Amino acid sequence: MEVSGAPADILLQRPWLPVSISGCQFLAKIWFGDSAYHILLTDMICVWEERMDSAAIQSRAQELNRRLRATVTAFFSHLCEVVQPCLSGSGERADSEAQISLRRQEDGNISMRLKSELAGLPFYWEFHCTPAPVTLACVQLVRPLLAMSRLLQWQAEQLRGLLVRKDAEIQDYRENGATLSRERLQTDVFEEQTYREHFMAKALPLACSEQEDTLGFDDGLQHLYASVVAHGNARTRKRKASEERSVEEDRPAAEEPDLTPSLEFDPEFQTL
């Protein structure tokens with residue numbers, strides 16, 4: 001059954017949250033509307049999705065729970081209450097008796113089976129997630145990550161320049177007779193190549209060895225992801241408004257920095 005999911009810009013604004021299901025680590029992005037949902041899961045190898053509208057939810061709920069007679073609103077309200085904590089990365093569940101398990105299928109799909117209790121009777125639900133289209137994976141994950149990496153690269157370049165200027169300032173103080181009150185505060189002159197080699201030697205093996213356990217963003221990266229997609233949505237709305245005003249005007253917004261990631265990496269990033 002073909003059903004529509006969340007509006008693209010609304011789903012894009014949802015954060016990717018780390019979740020663990022049946023011992024498997026995923027990033028999850030979920031949207032629950034009034035009587036519809038759209039979920040995305042990725043293990044960084046594949047991206048899966050499921051979209052369900054009111055009619056599809058009612059049909060599956062009745063198929064899996066023949067003893068229960070309830071409206072789609074009641075089914076969906078209970079489903080939201082139980083499932084959202086499970087897929088939000090909090091590890092907390094509104095229903096302590098709820099159980100959720102995951103099974104990978106031979107055709108590449110994954111299914112998640114939920115068991116809880118509704119009105120004193122067992123309540124079952126199944127998520128049938130299929131591989132998401134490449135375009136959806138690019139829009140929701142790849143493009144924002146590329147934009148984030150570009151922003152972090154610019155930030156690193158500015159910090160390197162700041163360190164060089166700070167070293168020059170400190171050297172000027174020293175040449176004019178300034179001394180440190182505490183010797184432990186003394187630092188070495190920043191040597192970019194030496195720092196980069198030392199950092200890569202220590203950080204790269206650690207990052208690769210913990211790859212399976214580091215799915216997810218910390219608070220800083222979550223904020224950066226939200227900023228990137230918000231800026232992209234604003235640019236899209238501005239472009240559409242401009243096109244509606246005049247189909248002949250195809251120039252980009254004046255003097256706005258373009259955060260759309262290019263398809264090239266800086267030579268420094270190519271060495272990673």
Side-chain angles (χ1 to χ4, degrees), residues 9 12-18 25 27 29 42 44-45 89 137-239 251-272:
D9 57 338
L12 187 59
Q13 293 172 39
R14 293 293 191 271
W16 285 100
L17 299 173
Q25 304 299 317
L27 289 179
K29 177 178 284 210
T42 180
M44 291 303 178
I45 297 175
C138 288
V139 168
Q140 295 289 338
L141 187 61
V142 178
R143 289 179 64 85
L145 286 179
L146 287 175
M148 291 166 64
S149 71
R150 184 63 175 169
L151 280 171
L152 292 173
Q153 180 185 351
W154 290 343
Q155 182 184 59
E157 290 171 354
Q158 292 186 3
L159 291 174
R160 286 197 295 267
L162 180 61
L163 283 172
V164 170
R165 293 195 301 275
K166 287 291 185 182
D167 281 341
E169 180 181 346
I170 293 171
Q171 182 61 30
D172 182 72
Y173 290 148
R174 288 174 176 169
E175 291 175 353
N176 285 278
T179 58
L180 286 171
S181 59
R182 291 183 292 275
E183 188 174 342
R184 63 183 176 80
L185 296 177
Q186 183 170 339
T187 58
D188 297 328
V189 175
F190 176 68
E191 294 288 346
E192 182 178 341
Q193 186 61 31
T194 301
Y195 168 80
R196 185 181 301 160
E197 292 174 356
H198 180 70
F199 176 81
M200 292 299 294
K202 291 187 64 176
L204 188 59
L206 182 62
C208 291
S209 66
E210 296 183 352
Q211 184 175 4
E212 295 300 322
D213 300 321
T214 53
L215 290 182
F217 306 139
D218 63 15
D219 291 342
L221 289 180
Q222 287 285 14
H223 178 73
L224 181 59
Y225 178 91
S227 299
V228 165
V229 299
H231 183 90
N233 285 340
R235 285 179 58 85
T236 299
R237 289 193 296 270
K238 184 177 293 186
R239 184 172 60 250
R251 290 173 297 177
E255 304 300 324
E256 257 197 52
D258 187 0
L259 296 184
T260 302
S262 67
L263 297 183
E264 295 182 0
F265 284 106
D266 183 282
E268 174 187 335
F269 274 56
Q270 292 280 16
T271 63
L272 296 184

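The shown structure was predicted, so the numbers you read here are calculated from the model rather than taken from an experiment.
For Leu180 against Leu185, the heavy-atom pair with the smallest separation is CD1-C, 4.0 Å. In terms of heavy atoms, Pro15 sits closest to Gln222 at CB-OE1, 3.4 Å. Residue Pro144 comes nearest to Cys138 through the heavy atom pair CD-O, 3.8 Å, listed as atom of the first residue, atom of the second, then distance. Closest of all the heavy-atom pairs between Leu221 and Asp218 is N-OD1, 2.8 Å. Val228 and Met148 get closest at one heavy-atom pair: CG2-CG, 4.0 Å.
Every residue was checked against the side-chain hydrogen bond (donor to acceptor under 3.5 Å, both in side chains) condition with Glu183, not counting sequence neighbours, and none meets it. For Gln155, the side-chain hydrogen bond (donor to acceptor under 3.5 Å, both in side chains) criterion is met by no residue, not counting sequence neighbours.
Here the side chains of Val142 and Leu145 are not in contact, with every heavy-atom distance at 4.5 Å or above. Two residues are said to be in side-chain contact when any heavy atoms from C-beta on lie closer than 4.5 Å; Thr42 and Trp16 meet this criterion. For the pair Glu169/Arg165, no side-chain contact is recorded, criterion being any heavy-atom separation below 4.5 Å from C-beta on. No side-chain heavy atom of Leu17 sits less than 4.5 Å from a side-chain heavy atom of Lys29.
Considering CG of Leu12 and CZ of Arg143, their distance stands at 10.5 Å, rounded to 0.5 Å. In this structure, the separation between CD on Gln171 and NZ on Lys166 is 15.5 Å, given to the nearest 0.5 Å. Of the inter-residue distances, the one linking Tyr225 atom OH with Leu141 atom CG reads 7.0 Å to the nearest 0.5 angstrom. Interatomic distance, Glu197 CD to Glu192 CD, rounded to the nearest 0.5 Å: 11.0 Å. Annotation: the span from Ile170 atom CD1 to Thr187 atom OG1 amounts to 5.0 Å, rounded to 0.5 Å.
For residues 163-188, there are no ring-ring contact (aromatic ring centres under 6.0 Å, His included) pairs, not counting sequence neighbours.
Partner Phe190 forms a side chain to side chain contact (heavy atoms under 4.5 Å, CB included) with one of Leu163, Leu162, Leu159 and no other, that one being Leu163.
The 12-atom threshold is not exceeded at CG of Asp219, counting heavy atoms of other residues, nucleotides or ligands nearer than 6.0 Å.
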